[in-house]
Participant: 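To start, I am sharing the structure in question, which I have written as structure tokens.
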Number of protein chains: 2
Amino acid sequence: MQWSIQEIARLTGVTSRTLRHYDAVGLLPAARTTASGPRRYDRTALVRLQRILLLRDLGLGLGDIAEVLDTDQGEAEALRTHLVSLRAEQDRLARQIASVERTVAALEKDPDTKEDIMAKDMFDGFDHTQYEQEVTERWGRDAYQKSDAWWRGLGEQGQQQWKARLETLIKAWTDAAEAGLDPASDEAQAIAARHAEWLVAVPGTPGHEQGRPDRGYLLGLADMYVADERFAANYGGTEGATFVRDVLRVYADQVY
Amino acid sequence: MQWSIQEIARLTGVTSRTLRHYDAVGLLPAARTTASGPRRYDRTALVRLQRILLLRDLGLGLGDIAEVLDTDQGEAEALRTHLVSLRAEQDRLARQIASVERTVAALEKDPDTKEDIMAKDMFDGFDHTQYEQEVTERWGRDAYQKSDAWWRGLGEQGQQQWKARLETLIKAWTDAAEAGLDPASDEAQAIAARHAEWLVAVPGTPGHEQGRPDRGYLLGLADMYVADERFAANYGGTEGATFVRDVLRVYADQVY
DNA sequence: GTAGAGGTTGACGCCGCGTCAACTTCAACC
DNA sequence: GGTTGAAGTTGACGCGGCGTCAACCTCTAC
């Protein structure tokens with residue numbers, strides 16, 4: 001008993017193109033009568049195809065399916081391995097959805113609150129300020145999660161205090177810049193130290209566990225203060241931000 | 001203030017390749033000094049890049065990002081639309097995971113129970129037996145869900161009864177085949193009618209709502225009884241299954 | 001002069017096919 | 001004999017978002 005490619009297609013619900021593809025990649029070779037004639041499928045092929053489709057519907061890739069079918073490895077084992085990546089993907093999706101929801105909610109509130117400055121400075125910094133590629137791998141996406149959870153946990157009062165601390169810092173920076181302090185001076189370096197402390201207090205900050213900010217993170221953030229005008233605006237424009245950056249660079253050279 | 005491609009890469013954590021890609025597709029054009037010289041980026045570009053990366057991390061495609069940035073449409077609106085597809089994907093994943101778990105559990109039990117015959121006949125049939133492409137779209141993946149829920153809802157006793165009904169049917173088929181009945185005879189057609197009833201009683205079966213199986217589904221299943229030896233084994237091998245198929249074909253011609 | 005760092009364009013690869021395109025073969029009908 | 005149509009074939013592009021060579025140019029430092 002043999003069937004043409006169309007008959008197999010109708011029997012199983014896949015397209016003939018798919019069957020040719022499976023033939024081309026060797027997943028389901030067709031038994032041809034001649035070298036380049038029409039493909040013919042027998043019962044063995046049909047059974048194999050049904051196992052293929054079952055595993056495909058479960059989300060396995062064609063390569064994995066071939067491995068399961070050709071080596072005599074346990075099907076259940078492969079599926080359990082597959083489950084792990086499915087669950088990982090599920091977690092990733094859940095986090096992403098939560099993130100999108102937060103963003104939508106934030107967009108619908110007034111976008112010019114003090115809180116927003118903070119968010120720009122801290123949270124966006126986590127996401128996109130990265131000085132070295134190697135560093136990229138160390139502080140993953142969960143940094144945002146941690147810091148966000150911490151922030152909510154602070155409560156109204158704690159958040160107010162935090163904002164006040166930020167404003168004090170900013171005032172110190174702008175005053176120092178206007179006074180024309182030497183970036184290497186003790187006064188300027190003191191502000192840098194306070195700034196580093198302020199940053200590292202947040203869980204999720206690269207270096208939080210070590211008690212001082214990651215060097216690459218700090219330098220990248222310093223550059224970003226100058227480069228991004230939204231950050232720069234917080235520190236008295238480009239000039240002020242440049243001063244902050246220079247001080248932080250000296251600080252980093254001395255401390256690390 | 002301008003930056004080279006590497007500087008931007010370090011500042012934002014993306015690779016230079018990515019920046020060239022964004023330039024190539026027009027998402028983030030670089031301001032070049034000459035036609036084919038090194039790319040230079042200014043503050044405007046940096047800010048745009050950061051918005052791009054934010055939206056990218058939220059899962060938007062580059063095309064959607066370009067649309068959001070270039071047309072003056074609301075960002076929140078785009079994100080809400082995006083949320084819909086994210087949630088759909090989440091549901092799909094959840095179903096798939098449940099399906100894999102069921103399969104793993106089934107594989108770890110004894111694979112040669114009566115229940116398995118049923119599963120092969122009914123559930124796999126829903127998944128992969130399709131006679132016409134148009135039919136494919138009508139009975140989606142939820143058929144399995146429905147029938148599975150129904151099966152569990154039957155309880156021990158109900159499942160026993162169901163299996164008994166199946167065995168009675170199978171015996172009728174094999175007896176008729178051995179007796180050499182004419183497929184068009186009343187006796188054979190009566191078995192076909194009982195078979196159709198038996199099938200359609202399951203919620204999720206194509207045609208369940210109409211009270212009789214979908215014609216394409218029935219014909220496809222009949223073909224599968226012959227084509228797939230695991231099915232054929234239930235009906236007394238290829239010969240028996242061929243008889244069943246022929247009877248069902250006549251039945252389909254007469255009833256529909 | 002040469003090495004090295006950083007830039008350029010161009011092209012392939014991944015995954016699972018959908019979707020033309022261009023062609024052949026075979027049976028059926030006039 | 002010619003025509004038409006159904007069903008088959010191979011070959012190639014496209015999608016999404018880049019990673020990863022490859023081959024080449026340019027500038028600076030020793």
Side-chain angles (χ1 to χ4, degrees), chain A residues 2-41 45 49 52-67 69 82 85-86 89 92 96 132-134 136-137, chain B residues 2-41 45 49 52-69 82 85-86 89 92 96 132-133 136-137:
Chain A
Q2 292 204 333
W3 300 272
S4 74
I5 193 169
Q6 290 289 5
E7 287 165 344
I8 291 288
R10 273 198 293 267
L11 274 173
T12 58
V14 304
T15 68
S16 58
R17 175 66 181 92
T18 298
L19 292 174
R20 273 188 282 271
H21 181 59
Y22 290 171
D23 190 3
V25 300
L27 180 58
L28 181 71
R32 280 192 201 70
T33 47
T34 71
S36 91
R39 290 170 176 76
R40 308 249 75 195
Y41 294 86
L49 175 57
I52 290 173
L53 295 180
L54 200 160
L55 293 173
R56 190 189 65 169
D57 280 354
L58 295 179
L60 263 76
L62 298 190
D64 294 339
I65 293 177
E67 204 167 339
L69 295 188
H82 182 51
S85 48
L86 282 182
E89 174 66 9
R92 200 194 57 77
Q96 189 165 79
E132 301 267 344
Q133 287 211 350
E134 43 170 355
T136 306
E137 305 187 24
Chain B
Q2 292 201 335
W3 299 272
S4 74
I5 194 170
Q6 290 288 8
E7 288 166 343
I8 292 287
R10 274 197 293 266
L11 275 174
T12 58
V14 305
T15 69
S16 58
R17 174 68 181 89
T18 298
L19 292 173
R20 274 189 280 272
H21 182 60
Y22 289 172
D23 190 4
V25 300
L27 180 57
L28 182 71
R32 279 193 201 70
T33 47
T34 72
S36 89
R39 292 171 175 76
R40 308 249 75 197
Y41 293 86
L49 175 56
I52 290 173
L53 295 179
L54 202 161
L55 293 173
R56 190 190 66 170
D57 281 353
L58 295 180
L60 263 76
L62 297 191
D64 294 339
I65 294 177
E67 205 167 341
V68 170
L69 294 188
H82 182 51
S85 48
L86 283 181
E89 175 66 9
R92 201 193 57 76
Q96 190 165 80
E132 300 269 344
Q133 288 212 349
T136 307
E137 306 188 22

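Since this is a predicted model, take the numbers as computed values, not measurements. Within every chain, numbering begins at 1; the chains are lettered A, B, ... in the order of the sequence lines, protein sequences first and strands thereafter.
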Participant: Can you measure Leu55(A) atom CG to dC15(C) atom P for me and round it to whole angstrom units?
Facilitator: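 Leu55(A) atom CG is separated from dC15(C) atom P by 17 Å.
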Participant: Of the listed nucleotides (dG17(D), dT10(D), dC17(C)), which one gets closest to any side-chain atom of Tyr22(A)?
Facilitator: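 Taking heavy atoms from C-beta onward, the closest nucleotide is dC17(C).
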Participant: Between dG19(D), dT8(C), dG16(C), which one does the side chain of Leu62(A) approach most closely?
Facilitator: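 Looking only at side-chain atoms, Leu62(A) lies closest to dG16(C).
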Participant: Rounded off to whole Å, could you give me the NE2-to-C1' distance for the His21(A) and dT9(D) pair?
Facilitator: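 Interatomic distance, NE2 of His21(A) to C1' of dT9(D): 17 Å.
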Participant: Between dC17(C), dG18(C), dC18(D), which nucleotide has the shortest distance from any of its atoms to the side chain of Arg56(B)?
Facilitator: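 In terms of side-chain proximity for Arg56(B), the closest of dC17(C), dG18(C), dC18(D) is dC18(D).
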Participant: In terms of the nearest nucleotide of DNA chain D, which residue is placed more toward the 5' end: Arg20(A) or Thr18(B)?
Facilitator: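 The residue whose closest nucleotide sits nearer the 5' end is Arg20(A).
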Participant: Among Ile52(B), Thr18(B), Asp23(B), which residue satisfies the side chain to side chain contact (heavy atoms under 4.5 Å, CB included) criterion with Leu28(B)?
Facilitator: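 The residue from Ile52(B), Thr18(B), Asp23(B) that satisfies side chain to side chain contact (heavy atoms under 4.5 Å, CB included) with Leu28(B) turns out to be Ile52(B).
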Participant: With rounding to the nearest 0.5 angstrom, report the CD to NE2 distance, Gln96(B) to His82(A).
Facilitator: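 It comes to 5.5 Å.
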Participant: Out of curiosity, Leu69(B) CG to Leu55(B) CG, how far, rounded to the nearest 0.5 Å?
Facilitator: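 Leu69(B) atom CG to Leu55(B) atom CG measures 6.0 Å (nearest 0.5 Å).
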Participant: Whole Å only: how far is the CG atom of Leu19(A) from the C1' atom of dT9(D)?
Facilitator: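 So the CG-C1' distance, Leu19(A) to dT9(D), works out to 14 Å.
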Participant: Does Arg17(B) place a side-chain N or O at less than 4.0 Å from the phosphate oxygens OP1/OP2 of dT20(D)?
Facilitator: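 It does not, given that no N or O in the side chain of Arg17(B) lies less than 4.0 Å from OP1 or OP2 of dT20(D).
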Participant: CG of Leu60(A) versus P of dC17(C): gap in Å, rounded?
Facilitator: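 Atom-to-atom, Leu60(A) to dC17(C), this comes out as 13 Å.
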Participant: Locate the shortest heavy-atom distance separating Ala9(A) from Ser16(A); write the atom from each residue and the value.
Facilitator: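 Reported closest heavy-atom pair: CB-N, 4.1 Å.
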Participant: Of all heavy-atom pairs between Gln2(B) and Glu7(B), which one has the smallest distance, and what is that distance?
Facilitator: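 Shortest heavy-atom separation between Gln2(B) and Glu7(B) comes out as O-OE1, 4.3 Å.
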Participant: Just how far, in rounded Å, is P of dG17(D) from CG of Leu58(B)?
Facilitator: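 Computing the Leu58(B):CG to dG17(D):P distance gives 14 Å.
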Participant: If I take atom CG in residue Leu28(A) and atom C1' in nucleotide dC17(C), what distance separates them, rounded to the nearest angstrom?
Facilitator: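 Those two atoms, CG and C1', are 15 Å apart.
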Participant: So, is Thr15(A) close to the dC17(C) phosphate, meaning a side-chain N or O under 4.0 Å from OP1 or OP2?
Facilitator: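 The answer is no; no side-chain N or O of Thr15(A) sits under 4.0 Å from OP1 or OP2.
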Participant: Looking at every strand, decide which applies to Gly63(A) at a 4.0 Å heavy-atom threshold: base, sugar-phosphate, or nothing.
Facilitator: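 The answer is nothing, as Gly63(A) stays clear of every strand by at least 4.0 Å.
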Participant: To the nearest angstrom, how far is Tyr41(B) atom OH from dT8(C) atom C1'?
Facilitator: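 Roughly 12 Å, once rounded to whole Å.
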Participant: Whole angstrom is fine here: how far is it from CG in Asp23(A) over to P in dG11(D)?
Facilitator: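 Distance check: Asp23(A) CG to dG11(D) P gives 12 Å.
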